[in-house]
Each structure stands twice: as C-alpha cells, then as structure tokens.
Amino acid sequence: MDYAATTPVDPAVIATMTEALQRYPGNPSSIHAEGREARALIEQARKTVAGAIGASIGEVFFTSGGTESTNMALKNAVRDLNVQRIISSPLEHHCVLHCLDTLQRTEGTEVLYLQVDGKGQPDLEELDVLLKEDGKKTLVSLMHANNEIGTLLDLDAVAALCREQGALFHSDTVQTVSTYELDVSRTPISFLTGSAHKFFGPKGVGFIYVNGDNLIGPYIDGGAQERNMRAGTENLPGILGMAKALELALARKDEREVYVRGLRDALWQRLRESFDDLQVYGDPGRGHYKLLNVSFPPSPQADLLLMNLDIAGISVSGGSACSSGADAGSHVLDALVGDPGRKAIRFSLSHLNTMDEVEQVVNTLKEILPASVEA
Ligand SMILES: Cc1ncc(COP(=O)(O)O)c(C=O)c1O
C-alpha cells in the first residue's frame with residue numbers, strides 16, 4: 001500500500017517497451033530509416049501525452065521524470081522569463097522546495113510560502129492579495145494533489161487568479177496526471193509536470209507541458225533533441241512505455257477510481273472501528289481517493305510501526321519515499337501539525353490492492369499496536 005511512492009510496470013507497458021528495445025534500435029535523430037522510424041514513434045507518443053492533457057504536440061517535452069521537469073519549469077522561468085518572485089506552499093514536494101532554496105540562494109529570487117490550513121489547503125485569499133500587491137514578475141507553484149496527505153488543489157481557481165494578475169502558474173501534477181482529468185486547453189496553466197512511474201509506467205521518464213506563450217530554453221544543454229528543449233538521445237523505450245501507461249490508465253480511470261476509493265474508504269472505516277484516538281491528515285473525503293494518512297497514539301509499538309508492518313510484509317511509508325532511506329519524518333506533517341510524538345502512516349492504494357489486503361492490514365495493526373477498541 002505504497003503506490004504513491006511508485007508503481008510496478010503494467011505488463012502491457014512492458015510489452016511495448018520490450019518491443020521498442022527489440023525492434024527499434026535507431027537513434028531518433030538519425031536521418032536513415034531506423035532513425036526516422038524511432039522519431040515517428042516518439043512523435044506518436046508525444047501526441048498521446050499531449051492529447052491526454054489537452055495540450056498541443058509542440059507544448060510537451062520528454063524528461064527524466066517529475067524532478068527534472070520541475071527543475072526545468074522553475075529554474076528556467078527565472079532564467080528566461082524574468083521571474084523575480086515565486087509563491088508556493090511549505091507542503092510541496094522536495095523537488096519544488098529545494099529548487100526554491102537554490103533559486104533564493106543563487107539568483108536572489110524572492111520566495112514566499114502561503115499559509116496552509118489544517119487540511120493542507122493553501123490560503124488562496126492570501127495568494128490573491130500577494131498577486132495584487134506587487135509588480136514583480138511572479139510565478140506560482142502549487143501541486144495538484146499532495147503526495148503525503150492527498151489534499152487536492154482547486155487548479156481552476158488558482159489558474160484564474162494567476163491569469164488575472166499576469167502571473168505564471170506551475171503545478172506539480174505527478175500524483176494526478178493519470179487519475180484526475182487535466183485539460184490545459186480549459187485551465188490556463190503555464191507549466192505542468194508528470195512522471196511515468198506513478199502511473200504503472202517505467203521509472204526515469206516523465207514530461208513537462210510548457211504553455212506555448214512561455215518561451216523557456218533548455219535545462220540540459222547539448223544536442224537539438226526535443227526541439228532544442230532537452231538535449232540527449234531520447235529514452236525511446238521509456239517514452240513509448242510512458243505513453244502506453246498513460247493511455248491505459250486514462251482508459252480505466254473511472255472504474256479504477258470507484259474501486260480504489262472503495263478500498264480506501266473501507267480501510268478508513270475499519271481503522272476507526274478498531275482504534276481509538278486516530279488522527280487523520282488531509283481530508284480523505286475530498287482529497288485524492290488513493291491516499292489515507294493517519295497516526296496512532298504515541299506508544300513504543302507505534303514508534304516502530306513502519307518497521308513492524310514491513311516485517312509483516314506490508315509496505316507503507318511515513319513521509320514521502322523520496323526523503324526516506326531512514327524514516328526521516330515528514331516536512332508536510334511538520335508544517336501542518338508539528339506533533340513529532342505521533343508517527344503517521346501513509347497508505348496509498350491502487351487497483352492492484354484487494355479488500356482482503358485491507359483486512360490483513362487492519363488485523364496486522366491490531367496485533368502490533370496496544371489499545372484497539374475491540375481489545
Ligand atoms: C508530488 C511529487 N512530485 C514530484 C515527484 C518526483 O518525481 P520523479 O520521481 O519522477 O522525479 C514525486 C515522486 O517521486 C511526487 O510524488
């Protein structure tokens with residue numbers, strides 16, 4: 001139950017990638033037949049990804065994943081579009097927060113963090129005031145779904161505020177690009193970022209949508225690949241795998257939502273029946289349907305919960321996977337509640353989970369933890 005960290009590659013995606021490795025050895029930049037064949041496949045994949053988010057083909061560029069795409073959006077907006085101020089939130093993924101630290105330090109970019117409420121929603125009235133009060137060229141960077149607590153941003157509302165005040169808008173949509181409808185032809189977004197390994201595609205490949213009005217240059221210099229926007233020979237199997245994965249996920253989006261929401265709600269219900277004094281983070285009813293982040297009352301057993309669940313064969317996480325290795329805690333929960341005494345568990349589910357697994361998780365927790373309601 002850690003599918004927000006990553007997902008296994010769908011067998012149909014593996015077939016697409018295997019075929020790419022076996023049948024298409026050409027360098028997409030070569031002008032001979034093998035090269036042209038590879039190029040055509042990449043452009044077909046671009047069409048699929050662009051179509052999935054309502055973009056034009058010329059606005060989608062392939063990258064190594066969500067982290068690179070975000071670095072490209074934020075750093076190149078400062079470098080190429082004269083952005084002097086960035087407004088964000090303390091709950092963003094580290095790929096945003098650490099970019100902002102770097103920009104502050106190396107470029108003198110002014111960085112402001114919006115207040116967030118107890119459920120992780122940034123204060124949009126504050127955003128409105130900030131956008132109106134300063135003439136500096138501004139970029140707003142706010143994620144669509146928080147990867148730890150699932151809080152969903154009102155993308156349309158933020159996009160409208162940014163448009164009214166002439167600000168650029170970047171949204172990290174890594175957790176939602178395959179699970180919620182995104183349509184940049186209706187929602188004015190400047191930069192949107194996605195990553196294949198979150199939607200049953202391969203690791204190490206992603207994309208960035210760059211609205212045609214925002215002429216940023218390359219983040220990685222070198223050859224003329226990706227129409228001069230991202231140098232380096234393209235990861236053909238990865239790109240084709242990502243397009244296939246996105247296509248599959250979107251084709252099954254609605255049925256998966258109903259199924260996964262049902263599992264997540266059942267897990268939440270069973271936990272409430274079984275334990276006293278649970279604390280939930282975010283807003284499960286209105287947040288991303290795959291996520292449930294809860295903490296149990298402090299106890300020696302709760303402190304070792306992640307490890308004990310792992311021993312029992314249950315994979316969950318404390319914070320986001322990217323900050324782990326050790327259980328490093330969570331900057332998101334620290335910003336929300338600041339209660340280090342309680343250890344939170346992020347359950348993130350997918351269509352690969354079952355109701356039996358939900359039961360197994362609850363029963364295992366009841367064995368590990370002391371005071372359950374039924375005990
Ligand atoms: C919300 C969010 N943004 C960005 C990333 C980074 O994406 P990638 O692993 O493709 O670099 C992740 C997860 O890894 C994420 O959950």
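Treat the numbers as computed from the prediction; the structure is a model and nothing was measured. Computation of the quantities below employed the complete heavy-atom set of this structure, encompassing side-chain atoms and omitting hydrogens, waters and symmetry-equivalent molecules. We count ligands from 1, going down the list as the structure has it; atoms in each ligand are counted the same way.
- Ring orientation note: the planes of Phe191 and His170 are tilted relative to one another, at an angle of 30° to 60°.
- Dense packing is recorded around CZ of Arg39, with more than 12 heavy atoms of other residues, nucleotides or ligands lying under 6.0 Å away.
- Close to ligand 1: Cys95, with a non-hydrogen atom less than 4.0 angstrom away.
- Checked by distance only, ligand 1 and Ser64 stay at 3.5 Å or farther apart across all their nitrogen or oxygen atoms.
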For this session: Dump the intermediate steps for side-chain contact (heavy atoms from CB on, under 4.5 Å) on Lys75 and Cys99, then the final yes or no.
Result: CA-CA 7 Å; Lys75 291 180 178 169; Cys99 269; 3.8 Å; yes
Problem set entry | Criterion side-chain contact (heavy atoms from CB on, under 4.5 Å) on Glu148 and His331, from CA distance to verdict | CA-CA 10 Å; Glu148 295 192 31; His331 68 281; 4.0 Å; yes
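- Between Lys47 and Glu43, no side-chain nitrogen of the basic residue sits less than 4.0 Å from a carboxylate oxygen of the acidic one, so the salt-bridge criterion is not met.
- Remark: Arg286 CZ is loosely packed, at most 12 non-hydrogen atoms of other residues, nucleotides or ligands lying under 6.0 Å away.
- Neither the backbone nor the side chain of Lys203 has any atom closer than 4.0 Å to an atom of ligand 1 (non-hydrogen atoms only).
- With a heavy-atom cut-off of 4.0 Å, Glu68 does not touch ligand 1 at all.
- Of all the atoms in ligand 1, the ones that sit under 4.0 Å from a non-hydrogen atom of Asn147 are 1 (C), 16 (O).
- Between Val210 and Met229, some side-chain heavy-atom pair lies under the 4.5 Å cut-off.
- Which parts of ligand 1 touch Met143 is read off a 4.0 Å heavy-atom cut-off, strictly below it: atoms 1 (C).
- At a 4.0 Å heavy-atom cut-off, ligand 1 touches Thr67 through backbone and side chain alike.
- Considering backbone and side-chain atoms together, Gly66 places an N or O closer than 3.5 Å to an N or O of ligand 1.
- Under a 4.0 angstrom heavy-atom cut-off, His197 registers as being in contact with ligand 1.
- For ligand 1, the atoms sitting less than 4.0 Å from at least one non-hydrogen atom of Ser195 are 8 (P), 10 (O), numbered in the order shown with element in parentheses.
- Which of Glu148, His93, His94, His144 comes nearest to atom 15 (C) of ligand 1 through a heavy atom is settled by distance: it is His93.
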